[in-house]
Amino acid sequence: MSAYSIEEFIDIIQTDVTIGGALPKNLPDHAIRQFIETRALPWFYQNYQYAVSKMYYLVNEALFRTEEYTNYKYVELPCEIQSITWIYQIQNTQLLQLGLNVPNLSVNLGVTNQPYLSSYVTTIGELGVYKTLIDTMADMMNQMNLYTTKFHFNQLTHRLNILTQVKYHLVLEAYVNIPPENIFSDSYFTKYVTGWAKMQQGRLLGTFDFSLPGGVKYNASDMVSGGKEEMKEVEEEIKAMSNSSFFYLIKR
């Protein structure tokens, strides 16, 4: 699915609202753009699980010894960060501390070196199953070895407050906004903005006495109710999506 620029996306919305250009375009493009940037995108970033992606940021320990941090006790983070789930301390240089698989658990090392597993009695499928079980166990053990830090993050000000003393480098596990052009190709977002555009156009036509050539009049109330229904359907479906999570044993 290709991404759209905001101009291309607005054209798609206008085409839908005007039924392929059969009706006059009454809603200005800048009004749709303002709704997209100030209301639709923020709502999707906060509520739609596919509008964000997980990323990791490294914060050098030296930052917490600067005069600015000592005075104000916060770190300014990039504006694309929507939320922070965990902050891990890097207390040593081992990859295991960052939650990465131990290299000796690879198929070429750990699995095939087992005395009771050899190419004579096992198949590659059995080795794959065994490797998957080892990786799962390694991930669980890695999570138990992680040291976390208490914090408070305000998404509106993009300020991160660390609530404990910092002695090590930190790794932030955060959810970051994906580029807007990728959201523009999502069917939920298209339906949401189209519903708003229909609702606004219905309000506009209902406020003033508009008539088409031949004396045919718009059904403004139907456009408003139809637009509201489309927006409500999108909001309910997104909020009903499963947001499964897992519990981890961690050190503090």
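Results of the side-chain contact (heavy atoms from CB on, under 4.5 Å) test with Asn26 over Thr18, Leu205, Val17 single out Leu205 as the only residue that passes. Checking Val59, Ile90, Leu63, Asn60 one by one against Leu170, the side-chain contact (heavy atoms from CB on, under 4.5 Å) holds for a single residue, Val59.
The backbone N or O of Leu27 sits less than 3.5 Å from a side-chain atom of Gln14, completing a donor-acceptor pair. Not a single donor-acceptor pair under 3.5 Å links the side chain of Asn182 to the backbone N or O of Ile178. Put simply, the side chain of Glu235 never gets that close to the backbone of Lys232: no donor and acceptor are under 3.5 Å apart. Side-chain atoms of Thr148 never come within 3.5 Å of backbone atoms of Ile87 as a donor-acceptor pair (strictly under, hydrogens ignored).
To the nearest 0.5 Å, the span separating CD1 on Ile162 from NZ on Lys150 amounts to 12.5 Å. Note that the OG1 atom of Thr194 and the CD1 atom of Ile12 stand 9.0 Å from one another [nearest 0.5 Å]. Atom CD1 of residue Ile36 and atom CG of residue Leu41 lie 7.0 Å apart, to the nearest 0.5 angstrom. Distance check, rounded to the nearest 0.5 Å: CE of Met231 to CH2 of Trp196 gives 8.5 Å. The distance from atom CG of Asp11 to atom CG of Asp16, rounded to the nearest 0.5 Å, is 12.5 Å. The CH2 atom of Trp86 lies 11.5 Å from the OH atom of Tyr56; values are rounded to the nearest 0.5 Å.
Under a hydrophobic-cluster definition in which Ile, Leu, Val, Met, Phe, Trp and Tyr are linked whenever side-chain heavy atoms come within less than 4.5 Å, directly or via other members, Val224 and Val193 are assigned to the same cluster. In the hydrophobic clustering of this structure, Met241 groups with Tyr45; members are Ile, Leu, Val, Met, Phe, Trp, Tyr whose side-chain heavy atoms approach within less than 4.5 Å, directly or through other members. When the side chains of ILVMFWY residues are joined at heavy-atom separations under 4.5 Å, either directly or via intervening members, Leu23 and Met223 end up in a single hydrophobic cluster. When the side chains of ILVMFWY residues are joined at heavy-atom separations under 4.5 Å, either directly or via intervening members, Ile10 and Tyr188 end up in a single hydrophobic cluster. Residues Ile84 and Val171 fall into different hydrophobic clusters, defined by Ile, Leu, Val, Met, Phe, Trp and Tyr side chains chained together at heavy-atom separations under 4.5 Å.
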**Message:** side chain to side chain contact (heavy atoms under 4.5 Å, CB included), that's the test. Do Lys167 and Phe64 meet it? Break it down for me.
**Reply:** CA-CA 9 Å; Lys167 298 181 180 180; Phe64 301 100; over 6 Å; no

**Request:** Run the numbers on Ile238 and Phe44 for side chain to side chain contact (heavy atoms under 4.5 Å, CB included), then give the verdict.
**Result:** CA-CA 9 Å; Ile238 288 179; Phe44 268 73; 3.6 Å; yes

**Message:** side chain to side chain contact (heavy atoms under 4.5 Å, CB included) for Gln201 and Lys198? Distances and angles first, verdict last.
**Reply:** CA-CA 5 Å; Gln201 179 147 304; Lys198 290 178 180 179; 5.8 Å; no

**Asked** Do Ser225 and Lys228 pass the side chain to side chain contact (heavy atoms under 4.5 Å, CB included) test, and can you show the C-alpha distance, the side-chain angles, and the key distance before you say yes or no?
**Response** CA-CA 5 Å; Ser225 61; Lys228 284 184 177 180; 5.7 Å; no

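A pairwise comparison of heavy atoms in Gly202 and Ala220 identifies O-CB, 3.3 Å as the closest pair.
Shown here is Gln34, whose CD atom has no more than 12 heavy atoms of other residues, nucleotides or ligands within 6.0 Å. Other residues, nucleotides and ligands place no more than 12 heavy atoms under 6.0 Å from the CD atom of Glu67.
By the 4.5 Å heavy-atom criterion applied to side chains, His158 and Ile81 are not counted as neighbours. Side-chain contact between Phe151 and Leu160 is present, with at least one heavy-atom pair separated by less than 4.5 Å. Looking only at side-chain heavy atoms (C-beta outward), Val75 and Phe153 stay at 4.5 Å or farther from each other.
In this structure, Tyr88 has its ring center no closer than 6.0 Å to that of Tyr147. Taking the ring centroids of Tyr69 and Tyr74, they lie at or beyond the 6.0 Å cut-off. The distance between the ring centers of Phe9 and Tyr4 does not fall below 6.0 angstrom.
In this structure, a donor-acceptor pair under 3.5 Å is present between the side chains of Tyr48 and Asp186. Side chains of Gln82 and Asn177: a donor-acceptor N/O pair is present below 3.5 angstrom, by distance only. Remark: the Glu230 side chain and the Tyr192 side chain contain no N/O donor-acceptor pair separated by less than 3.5 Å. No side-chain N or O of Gln89 forms a donor-acceptor pair with one of Tyr168 less than 3.5 Å apart.
Annotation: side-chain hydrogen bond (donor to acceptor under 3.5 Å, both in side chains) contacts of Glu37 (sequence neighbours excluded): Arg33.
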